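First the structure, in the form of structure tokens, and then the observations on it.
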Amino acid sequence: MKPFGYERAETPAAAAASAVSHPGAKFIAGGTNLLDLMKLGIEEPAYLIDVNGLKLDAIETDGDGVRIGALVRNTDLAADARIRRDYPLLSRALLAGASGQLRNKATTAGNLLQRTRCPYFYDTNQPCNKRLPGSGCAAIGGVSRQHAIVGVSKACIATHPSDMAVAMRALDATVETVKPDGSKRRIPIADFHTLPGNTPHIETVLERGELITAVTLPKPVGGTQLYHKVRDRSSYAFALVSIALIAQPDGTGRVAVGGIAHKPWRVDAADAELPKGAKAASARLLAGAQTTHDNAYKVTLTERALAATLAEAKERKA
């Protein structure tokens, strides 16, 4: 790793102000993704701002919903009694991600901000527009079995790796931030992550120096909540396809999908088709899909994974 400056932030606003005043600064909390990228020379921050001392690690009641501090560890969030009772989808998704050791360190904000696990992104000998804008995309024309099939562009076909973010997309979470000038912002998670377009290195709508302080969940929606993750091995593997489903007794519901796009994927029109079954909903979810020879199987896999999840939800309601 290259030398870098370091400080411990005292307040969220101070952390944001420091980030904007130091070119190349990065926030660090659990570091489960950032430190790996620094060791590989993919991330080379000139300055690290340690936010672990900030009081952002509480899970609190927020009106009819819940406010989750940015520094709440994944293990603690998954185990929280309110989350398990009112938002079981989120708890299931968290437990499907990473290993126990990583969940003990990884934070809520860090999970949302983790970068793609595309092997070409991690290989500095390969061109990657996400790592080095304008260099090209080795995944296009390369081995693309794990890559995206919707929301892709000619610049990037990487997927977003988070399980937690997929559940939060189904739950209509909101991301709270503080800017360097001390002002605050609330960003619906539907708008938080971006599609690659011509700028795949820009992965969220966060501005320079903007710090995530919390994620809020609205009033519980009830229903049968399931998270199914299809992966190459039973543990510590990223999703080929994952399904976050909220199924209501009247047949309506919500579905968000992971492993198929640059961001957690949810389409309102697909939610409307859920009463008709997996085939109709999948057709809406995957409308305009652009597959490669290697990842075309994800179209069928998405439909079958959704069908299996809907079948389980029906059995649980019976």
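In this chain, residues are counted from 1 in sequence order. This structure is a prediction, so every number in the text was calculated from the model and none was measured. What you see below is based on every heavy atom in this structure, not just the backbone, and it leaves out hydrogens, waters and symmetry mates.
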* If only atom types and distance count, is the side chain of S135 paired as donor or acceptor with the main-chain N or O of C128 below 3.5 Å? -> yes
* To do: Verify, without hydrogens or angle tests, whether T116 (side chain) and T159 (backbone) share a donor-acceptor contact under 3.5 angstrom.
  => yes
* **Contacts of A256 that satisfy side chain to side chain contact (heavy atoms under 4.5 Å, CB included) - sequence neighbours left out** => V166, R169, A170, A244, R266
* If every non-hydrogen atom of K229 is compared with every non-hydrogen atom of G97, which pair is closest and at what distance? -> NZ-CA, 4.0 Å
* Decide whether I189 and I187 are clustered together by the hydrophobic rule: side chain heavy atoms of Ile, Leu, Val, Met, Phe, Trp, Tyr closer than 4.5 Å, transitively. => yes
* Asked: Side chains of V257 and S242: does their closest heavy-atom pair fall under 4.5 Å?
  -> no
* Return each pair, listed once, that meets salt bridge (charged side-chain N to carboxylate O under 4.0 Å, His left out) where at least one residue sits in residues 18-37; pairs must be two or more places apart or across chains. => K26-E43
* Would a 4.5 Å heavy-atom cut-off, applied to side chains only, mark E203 and H160 as touching? -> no
* For the pair V178 and S183, evaluate side-chain contact (heavy atoms from CB on, under 4.5 Å) and give the outcome as yes or no after the intermediate values. => CA-CA 6 Å; V178 62; S183 63; over 6 Å; no
* Structure fact -> Closest heavy-atom pair, T309 versus A305, reported as atoms and distance to 0.1 Å, is OG1-O, 2.7 Å
* To do: Look up atom OH in Y6 and atom CD1 in I49, then write down how far apart they are to the nearest 0.5 Å.
  => 11.0 Å
* May I ask you to test the K130-H262 pair for a side-chain heavy-atom distance under 4.5 Å? => yes
* Any side-chain heavy atom of V255 sitting closer than 4.5 Å to one from D271? -> yes
* To do: Could you tell me which residues satisfy ring-ring contact (aromatic ring centres under 6.0 Å, His included) with H22, sequence neighbours excluded, listed by chain and number?
  => Y47
* Counterpart residues, side chain to side chain contact (heavy atoms under 4.5 Å, CB included), relative to A29 (two or more places apart) -> V51, N52, L71, T107
* Does T75 use its side chain to pair, donor to acceptor, with the backbone of R103 at less than 3.5 Å? -> yes
* Asked: Got a second to check how far H201's NE2 is from T194's OG1, nearest 0.5 Å?
  -> 9.5 Å
* **Separation of S21 OG from R208 CZ (nearest 0.5 Å)** => 8.0 Å
* First locate atom CD1 of I212, then atom CG of L56, and finally report the distance between them rounded to the nearest 0.5 Å. => 11.0 Å
* Can you list the steps and then say if Y297 with L240 is a side-chain contact (heavy atoms from CB on, under 4.5 Å)? -> CA-CA 10 Å; Y297 74 93; L240 297 172; 3.5 Å; yes
* To do: State yes or no: do I157 and L195 share one hydrophobic cluster built from I, L, V, M, F, W and Y residues joined by side-chain heavy-atom distances below 4.5 Å, directly or via other members?
  => no
* Using atom types as modelled and distance alone, determine if a side-chain donor or acceptor of Q248 lies under 3.5 Å from a backbone N or O of V221. => yes
* Structure fact -> For R254, the side-chain hydrogen bond (donor to acceptor under 3.5 Å, both in side chains) test, sequence neighbours excluded, returns D172
* Asked: Taking K2 for the side chain and A46 for the main chain, is one N or O donor matched with an acceptor at less than 3.5 Å?
  -> no
* Starting from V20, walk the hydrophobic network (Ile, Leu, Val, Met, Phe, Trp, Tyr; side-chain heavy atoms closer than 4.5 Å) and list everyone else you reach, by chain and number. => none
* To do: Write down the atom of A165, the atom of L112, and the distance for their closest heavy-atom approach.
  => CB-CD2, 3.9 Å
* Hydrophobic clusters join Ile, Leu, Val, Met, Phe, Trp and Tyr when side-chain heavy atoms are under 4.5 Å apart, directly or via other members; which others share one with L102? -> Y236
* Asked: Looking at R131 and F121, what are the two nearest heavy atoms and their distance?
  -> NE-O, 2.8 Å
* Would you call I246 and L171 a side-chain contact if the rule is heavy atoms closer than 4.5 Å? -> yes
* Asked: side-chain hydrogen bond (donor to acceptor under 3.5 Å, both in side chains): which pairs involve residues 145-158, sequence neighbours left out?
  -> R145-D232
* **Shortest non-hydrogen contact from A155 toward C137** => O-CB, 3.4 Å
* Structure fact -> Rounded to the nearest 0.5 angstrom, the OG1-CD distance for T204 and E207 is 10.0 Å
* Knowing that exactly one of L90, V66, N111 qualifies, which makes a side chain to side chain contact (heavy atoms under 4.5 Å, CB included) with L77? -> L90
* Please examine the side chains of L226 and R316, heavy atoms only from C-beta on, and report whether any two atoms are closer than 4.5 Å. => yes
* To do: Assess whether atom CG of N104 is packed by more than 12 heavy atoms of other residues, nucleotides or ligands within 6.0 Å.
  => yes
* Asked: Considering only heavy atoms from C-beta outward, does the side chain of Y227 approach that of L94 to under 4.5 Å?
  -> no
* Shortest non-hydrogen contact from S282 toward L306 -> OG-CD2, 3.7 Å
* To do: Answer with yes or no whether the hydrophobic clustering places V150 together with V241; edges join I, L, V, M, F, W, Y residues whose side-chain heavy atoms lie under 4.5 Å apart.
  => yes
* To do: With sequence neighbours excluded, tell me which residues meet salt bridge (charged side-chain N to carboxylate O under 4.0 Å, His left out) with E7.
  => none
* Quick one: list whatever passes salt bridge (charged side-chain N to carboxylate O under 4.0 Å, His left out) with R84, sequence neighbours left out. => none
* Asked: With R67, which of V72, T213, I59 fulfils side chain to side chain contact (heavy atoms under 4.5 Å, CB included)?
  -> T213
* To do: Applying side chain to side chain contact (heavy atoms under 4.5 Å, CB included), name anything that partners N33, two or more places apart in sequence or on another chain.
  => L37, Q114, R115, R117, Y122
* Between V299 and W265, is there a shared hydrophobic cluster once you connect ILVMFWY residues whose side-chain heavy atoms come closer than 4.5 Å? -> yes
* **Neighbour count >12 (heavy atoms, 6.0 Å) for atom CD, E60** => yes
* Asked: With the threshold set at 4.0 Å, does a side-chain nitrogen-carboxylate oxygen contact exist between R82 and D80?
  -> yes
* Under a 4.5 Å cut-off applied to non-hydrogen side-chain atoms, are M168 and I68 in contact? -> yes
* To do: For the pair L35 and I28, evaluate side-chain contact (heavy atoms from CB on, under 4.5 Å) and give the outcome as yes or no after the intermediate values.
  => CA-CA 9 Å; L35 290 178; I28 186 167; 3.9 Å; yes
* Asked: Do any pairs count as a salt bridge (charged side-chain N to carboxylate O under 4.0 Å, His left out) and have a residue in residues 291-303, sequence neighbours left out, and if so which ones?
  -> none
* Hey, any chance L245 and L286 share a hydrophobic cluster, counting ILVMFWY side chains that come within less than 4.5 Å of each other, even indirectly? -> yes
* Asked: Which is it for E273 and L285 under the side-chain contact (heavy atoms from CB on, under 4.5 Å) test, yes or no, and what are the steps along the way?
  -> CA-CA 10 Å; E273 295 291 326; L285 280 167; over 6 Å; no
* Asked: How long is the gap from CD1 on I42 to CG on D123, to the nearest 0.5 Å?
  -> 8.5 Å
